[in-house]
Amino acid sequence: MKSITFKLPDMLSNVKIYNQIFIRILLILLGFGAAFLLLQRSLIYTSAFIGFVVLLIIIELYFYLKNAFLFYDKTINAILNKDFSADFSKHKSFQNYSRLFQLYDKMKQAENEQASKDIVYRSILNNIETGILILQKQESDWSIFLMNDFFSKHFEVPKVSKWHYLKNQIPSLCSLIEEQNFSEIKTTLQIRVSQQETQTFVMQSSRTKTNNQDYYIVLLDSIQKVIEKKEKEAWINLMKVISHELMNSLTPIRSLSQNLKELVSQESLSQEDLQDIKDSVNTMFNRSNHLQEFVESYRKLAMLPTPKKEKIELSALIENCLQIMKPLFKKEHIEVKNTLHFNRWILVDPNQMEQVFINLLTNSLFALAEKESKEITISAELKEKRLYIIITDNGTGIEPEIEDKILLPFFTTRKDGAGIGLTLSKNIIEAHGGYLTFTSDEKNTRFTVCLVE
């Protein structure tokens, strides 16, 4: 019943229009017939009068149809050109145009909503401290669909609309994009702005199609800003860890100190009070020792000495580390496979690099604690003047949610761990001009030490 109720006014409106046209045409035909009959009976004046009335009806029908078509044409053109500034409220008394008014109002509302969304989206993009450039393909050329304020201000580029204008402003960026044929890119790029020093940017681009439109999106981040952001995140994480450790030690010490103060203020002490004093002092001593060890760990990270490099054979260095770890491996029933198949002399600090490999092997040892079949594999390979030393274990792996934290200072999943082993290893390798990476899945975890020869 509801669908009939909604459609009935529109149907009646259409019927009215058709009836009005039909009546006019019928009157014209009847008028012509009556005039012809009267003319045959020699009633010339009456016939002429009816003919005049018919002519007036024809003229009125012409202007009626003309105005109707002109009004429809004007409204449709306004919709096609997205011009919703016209006010058709004065025509609402003509029910014949009710459906046209509904269409116009719906399109106007949709356009206003889209315009509001565009304003919000552009406002968001203009407040992001990342250079954003969106290109739109038009036939065989590209035009600038959007350039946010940061991009325009940072590179001192006016908000041009054509690609060739942008090429004149930032040739290095545009040339790279054209060389890659507007495909997806992830790289670093050096750009000089207004004869200043060259700045390095991280560039990411992607290409997408929607509604038969081809778009190319370019994001540019200053390396300096990326580094500052990472440094800020690292400091925040470090301060969280430090404050957590300090509070874990200072809170009980403060509580025990308050308790001791109350005990010693008594005139006499019972045997139970003396025992409380002993327990409190022991606890405070243990907590202060833990705090001192924590500070020493931090000092070790912060004051890493410069590597004293000397030539040493890689296989001998690895073998020495395995000998140190051998009793622990034997106790835990861990099978170690050393697959180094070449002799290589490397220029490193033997003590520091030994510490790195012991830390990584210890890390693998704990990762294998819950496994029945325990295996550690050591391998190495040479690629483009880079030496890769790989330590793989078939342990439980690293959970995805902590992968970005395991190299942070003092982060550990072990109850008795200090959380500096991997961080210290990373710092030592970076001091040697290399880097430490890892990959992990359900079957194994793989740490890779890369040294540049």
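Note that the coordinates shown come from a computational prediction; the quantities given were computed from them, not determined experimentally.
- Taking CE of Met203 as the start and OG1 of Thr187 as the end, the distance is 8.0 Å to the nearest 0.5 Å.
- For the side-chain hydrogen bond (donor to acceptor under 3.5 Å, both in side chains) criterion with Ser364, the lone passing option out of Thr445, Asn394, Asp393 is Asp393.
- When every heavy atom of Gly433 is checked against every heavy atom of Val452, the shortest pair comes out as O-CG2, 3.7 Å.
- For Lys371, there are no salt bridge (charged side-chain N to carboxylate O under 4.0 Å, His left out) partners at least two apart in sequence or on another chain.
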Derivation of the salt bridge (charged side-chain N to carboxylate O under 4.0 Å, His left out) call for Glu184 and Arg207
CA-CA 6 Å; Glu184 294 190 2; Arg207 193 164 173 174; over 6 Å; no
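- Val157 pairs in a side chain to side chain contact (heavy atoms under 4.5 Å, CB included) with only one of the listed residues (Leu173, Leu166, Asn168), which is Leu166.
- Under 4.0 Å is where a charged nitrogen must lie from a carboxylate oxygen, and between Lys426 and Glu430 at least one such pair does.
- The ring pair (Phe, Tyr, Trp, His ring centres under 6.0 Å) contacts involving residues 109-142 comprise Trp142-Phe182, where partners must be two or more places apart or lie in separate chains.
- The residues Glu332 and Lys374 are annotated as salt-bridged, a charged nitrogen and a carboxylate oxygen being separated by less than 4.0 angstrom.
- In this structure Lys137 satisfies the salt bridge (charged side-chain N to carboxylate O under 4.0 Å, His left out) test with no other residue, sequence neighbours excluded.
- Proximity of a side-chain donor or acceptor of His333 to a complementary backbone N or O of Phe329 within less than 3.5 Å is not detected.
- No more than 12 heavy atoms of other residues, nucleotides or ligands shown are found within 6.0 angstrom of NZ on Lys162.
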